Amino acid sequence: MMRRRPLIRSIVLTLLATTLAAASVSAQRSTLSGKVTDEKTGRPIAGIALGVARVSKLRAEQPADPIKWEKKLTTDKEGRFEMKVGSNLEGLNEVILFTASEDHANQIYKGLTFEGQVPRLKDVQRDGVVKLDLTKDCTGIDFVLRSQVATGMRNVMVPMRDGTKLATDIYLPEGDGPWPAILSRTPYNKTSNKNKRGARSLARNGYAVVAQDFRGRFASEGETDMPFINDGWGKLQDGYDTIEWIVKQPWCNGKVGTSGGSALGITQIMTAGSTPPHLVCQSIGVACGSLYHHAAWQGGAFRKKLVEQWLTGNKFSPDCLKLMTGNPNYNDLWRGMDASTRSEVINVPGFFQGGWYDVFNQGTIDAFMWRQYKGGEGARGKQKLLMGPWVHGRNRKPGEVQFPENAVQIPKAADQGRWFDYWLKGEQNGIMDEPAVTYYVMGDVSDPKAPGNEWRFSDVWPVPSKATPYYIHADGTLSMEKPPADGKSKTYTYDPKKPVPTLGGCNLCMKKGPYDQRKLENRPDVLLYTTVPLTQPVEVTGQIKAYLWASSSCRDTDFTVKLTDVYPDGRSMLVLDGIIRARHRNTFEKDELLTPGEIYKFKIDLWSTSLIFNKGHRIRVAVSSSNYPRWDPNPNTGDGFRANDKTIVAENTIYHDAEHPSHILLPVVEAK
């Protein structure tokens, strides 16, 4: 016991020192407090967020960028807020305080309003902004806020043509209407925080906002065999019925737009195909125009991970997956969810936003093209397209690369707010006088002097380019030189039980974006073809397709192609990939099995990109027969899709001779 006394004495002394230090700090504490009330009623407002930022710690890149604040307060049920703070903390003699409400015109103390929830750097630098000295008490710091969003209506049950009622929330601006309305329909729950924030933001800008749960989802009635099947031009037309219900409400002025991304974008595309009379415009993000070609059966191969995880993760009925996998060919089911079949009757402007690494990369572009060049009178020539270096959401760091800050700084020509203001409010803001297409040209991310990594604009899509074949050769080279008459073939073994793993690409539910492919490129079932180091940069902008002459020992198999950008340090960064199921080499509408050993021509669509391969880089093409779980492995049997568990090992051969000039076709843009 005697040996423990020094330890006990040490603990006592430590506790005493801590207590004294705490007492010292407590003695130096100051109070920041006040109250928030409503301008119209004079009543206190509970739950209002306030931000505190030290002037010495303000962070923002540009004057228009939002500041980064350090402390958040929230008003109680009496509208009051209070904070105790140690006055010896650096910078507390200059702090700013502001409200951060979603539903009110926010203010910086004392009374200076600003746009949004967080002030910008230029806002806090204005004359009249009070810098509070928290080395002493600052009490009675009051705010009087003006509401910008009226109390909304929740779970209004809107009847569809079959009597099913869909749960709908409505957010109205403060003041007297009627207003133009913006509709978002979702399978993800209309009451999610993300949906509510978006709705309130639009309502603050003078729009009646309508958010609705899909049929059979969350608070809505009904059932569905497959997502989106009731959103288009079929027997049930939930989007059409909702829009026509909205225009009959006293708070709507007769104009309706639609908004949302991903599933919320797909339902918009389907709804446009039903041609609601009062639909005026749409803003469609990261979506696709054909559920078969762009989502479920790319190249005729089942997008296993995307479809299965999305359906199960969102708790759709197992019948949905059964219906999808039970229809592996393009048929009437899929035609009912293919907006290209409705291009000529669609008559509304659309603003399409997508990403080069997005799961619906080509789906976004195709949906834009169908309407821009083949649409009805109200649609043709009135579409906009924005393509950035993003995955399924705006992020300057997709996969294993990081783009400059400008990658997430959207140009004025692609401002969604201006789009709605023009079409729904009639504001002559010039957005329709600007180029139809805004796109980001990617470049070498390790060389700040490399060309690319910038926004460009075009009146047309695709932009002018030269279709340039790069031929694959038996010695593993890739060049513009045509293969010789006696060019050799190369054979590899594809075992469905040992598929090439997926590593990046246009995915949703797994790693997405550009990843270094070297760990996969040394497999015996992957054939590589690479150029010499480039002596000049090569820009590739547009849709990319590969043409392979190949044969198989089986009645059916798959062929996959990857395009990568090989950096001088050896990194082989994925740009795009694609697949073709052999039985669908000529048509997706029926099966045409192979004759083993016979040579066929296969076209593989890799979708679209815009990238400058920098000087010193190499362009690489990788050929194989699997990419799992991005696509369901082909069992090589020729049997129906998942008809049994049988698999066959295939010997697949690629040809590189004058008669069979396998190549990738790159849309090369001339340097300016």
Side-chain angles (χ1 to χ4, degrees), residues 290-308 321-331 333-334 472 489-502 505 523-527 545-562 577-607 621-656 660 662:
S290 170
L291 269 293
Y292 181 89
H293 301 96
H294 300 139
W297 295 92
Q298 184 181 348
F302 185 59
R303 294 184 77 176
K304 175 181 171 63
K305 185 70 171 181
L306 167 65
V307 176
E308 291 182 348
L321 181 59
K322 290 180 181 178
L323 190 58
M324 285 194 178
T325 56
N327 289 272
N329 294 348
Y330 182 70
N331 55 21
L333 171 72
W334 297 110
I472 63 177
S489 62
K490 297 179 76 171
T491 299
Y492 60 92
T493 300
Y494 159 50
D495 184 348
K497 294 182 178 180
K498 300 177 182 178
V500 178
T502 299
R523 291 173 55 111
D525 55 353
V526 177
L527 304 183
K545 296 179 181 179
Y547 296 85
L548 298 180
W549 276 261
S551 64
S552 177
S553 62
C554 297
R555 296 193 304 154
D556 191 30
T557 193
D558 289 343
F559 290 101
T560 63
V561 173
K562 290 180 182 177
D577 55 16
I579 191 169
I580 188 66
R581 184 139 293 192
R583 67 175 66 203
H584 289 305
R585 64 194 179 278
N586 296 321
T587 176
F588 296 112
E589 296 183 0
K590 63 180 181 179
D591 296 339
E592 295 180 0
L593 297 178
L594 304 175
T595 298
E598 187 171 326
I599 301 174
Y600 298 90
K601 181 181 179 181
F602 298 92
K603 180 174 72 173
I604 299 98
D605 186 356
L606 279 70
W607 291 4
V621 168
V623 176
S624 191
S625 289
S626 56
N627 189 338
Y628 174 83
R630 179 157 159 70
W631 291 294
D632 203 77
N634 194 321
N636 300 327
T637 61
D639 297 335
F641 184 73
R642 294 184 178 175
N644 50 58
D645 295 331
K646 183 180 178 181
T647 64
I648 300 175
V649 174
E651 297 296 320
N652 291 339
T653 301
I654 306 298
Y655 296 85
H656 341 69
H660 309 104
S662 298

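Hydrogens, waters and symmetry mates are skipped; everything else that's a heavy atom, side chains included, is used. In this text the structure is predicted, and so the values were computed from the model without any measurement.
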Worksheet item: Got a second to check how far L306's CG is from E308's CD, nearest 0.5 Å?
Response: 10.0 Å
Practice prompt. Report the distance from atom CG of D632 to atom OG1 of T325, rounding to the nearest 0.5 Å.
Written response: 9.5 Å
Fill in: Candidate pair N329 and W334, rule side-chain contact (heavy atoms from CB on, under 4.5 Å), full reasoning
CA-CA 9 Å; N329 294 348; W334 297 110; over 6 Å; no
Item to complete: Quickly, which of F641, Y330, F588 forms a ring pair (Phe, Tyr, Trp, His ring centres under 6.0 Å) with W297? Name it, please.
Response: F641
Discussion item. Are there over 12 heavy-atom neighbours, none belonging to D645, within less than 6.0 Å of that residue's CG?
Written reply: no
Worksheet item: Just by modelled atom types, is the A650 backbone N or O under 3.5 Å from a matching donor or acceptor in the S553 side chain?
Response: no
Worksheet, complete the sentence: From the list D556, D639, D558, salt bridge (charged side-chain N to carboxylate O under 4.0 Å, His left out) partner of R583 resolves to D556
Worksheet entry | Side chain proximity check, P499 to W631, heavy atoms < 4.5 angstrom | no
Item to complete: Run the numbers on T502 and K305 for side-chain contact (heavy atoms from CB on, under 4.5 Å), then give the verdict.
Response: CA-CA 10 Å; T502 299; K305 185 70 171 181; over 6 Å; no
Worksheet item: So does K497 pair up with D495, basic N to acidic O under 4.0 Å?
Response: no
Worksheet entry | Spacing of M324 atom CE and L333 atom CG [to the nearest 0.5 Å] | 8.5 Å
Fill in: D525 with K498: basic N within carboxylate O range, under 4.0 Å
no
Item to complete: Compare every heavy atom of I579 with every heavy atom of A301, then report the nearest pair and how far apart it is.
Response: CB-CD1, 3.7 Å
Item to complete: Using a 4.5 Å cut-off on heavy atoms from C-beta on, say whether the side chain of T653 contacts that of Y655.
Response: yes
Item to complete: Could you pull out all residues at least two apart from K545 that satisfy side-chain hydrogen bond (donor to acceptor under 3.5 Å, both in side chains)?
Response: none
Item to complete: Might you point out which heavy atoms bring A550 and F602 nearest each other, and give the distance in Å?
Response: O-CE1, 3.6 Å
Practice prompt. Could you check V621, N652, I472 and say which one makes a side-chain contact (heavy atoms from CB on, under 4.5 Å) with L548?
Written response: I472
Practice prompt. First locate atom CG of N586, then atom NZ of K603, and finally report the distance between them rounded to the nearest 0.5 Å.
Written response: 10.0 Å
Item to complete: Ignoring hydrogens and angles, state whether a donor on the side chain of Y600 or S552 is under 3.5 Å from an acceptor on the partner side chain.
Response: no
Worksheet, complete the sentence: Minimal heavy-atom distance between L606 and G578, with the atoms involved, is CG-N, 3.9 Å
Discussion item. What's the separation between atom CH2 in W549 and atom CZ in F559, rounded to the nearest 0.5 Å?
Written reply: 13.5 Å
Fill in: Check: H293 and Q298 side chains under 4.5 Å, non-hydrogen atoms
no
Fill in: Interatomic spacing from NE2 in H584 to CD in E592 - rounded to 0.5 Å
9.5 Å
Worksheet item: What closest approach, in Å, do P633 and R581 show between heavy atoms, and which atom pair accounts for it?
Response: C-NH2, 3.9 Å
Worksheet item: When you look at R303 and R630, which way does the side-chain contact (heavy atoms from CB on, under 4.5 Å) test go after all the steps?
Response: CA-CA 6 Å; R303 294 184 77 176; R630 179 157 159 70; 3.4 Å; yes
Discussion item. Under a plain distance cut-off of 3.5 Å, with no hydrogens placed, do T557 and N636 share a side-chain donor-acceptor pair?
Written reply: yes
Discussion item. If the threshold is 4.0 Å, N to carboxylate O, is there a salt bridge linking R585 and E598?
Written reply: no
Worksheet item: Is there a side-chain contact between I654 and Y492 (heavy atoms, below 4.5 Å)?
Response: yes
Worksheet item: Taking all atoms of both residues into account, what is the closest heavy-atom pair of Y292 and N327, and its distance?
Response: CE1-O, 4.4 Å
Worksheet item: Can you name the closest pair of heavy atoms from P635 and K646 and give their distance?
Response: CB-O, 3.4 Å
Discussion item. Can you confirm whether K490 is buried at NZ, in the sense that more than 12 heavy atoms of other residues, nucleotides or ligands lie under 6.0 Å from that atom?
Written reply: yes
Item to complete: Report yes or no: do N627 and T560 form a side-chain donor-acceptor pair below 3.5 Å?
Response: no
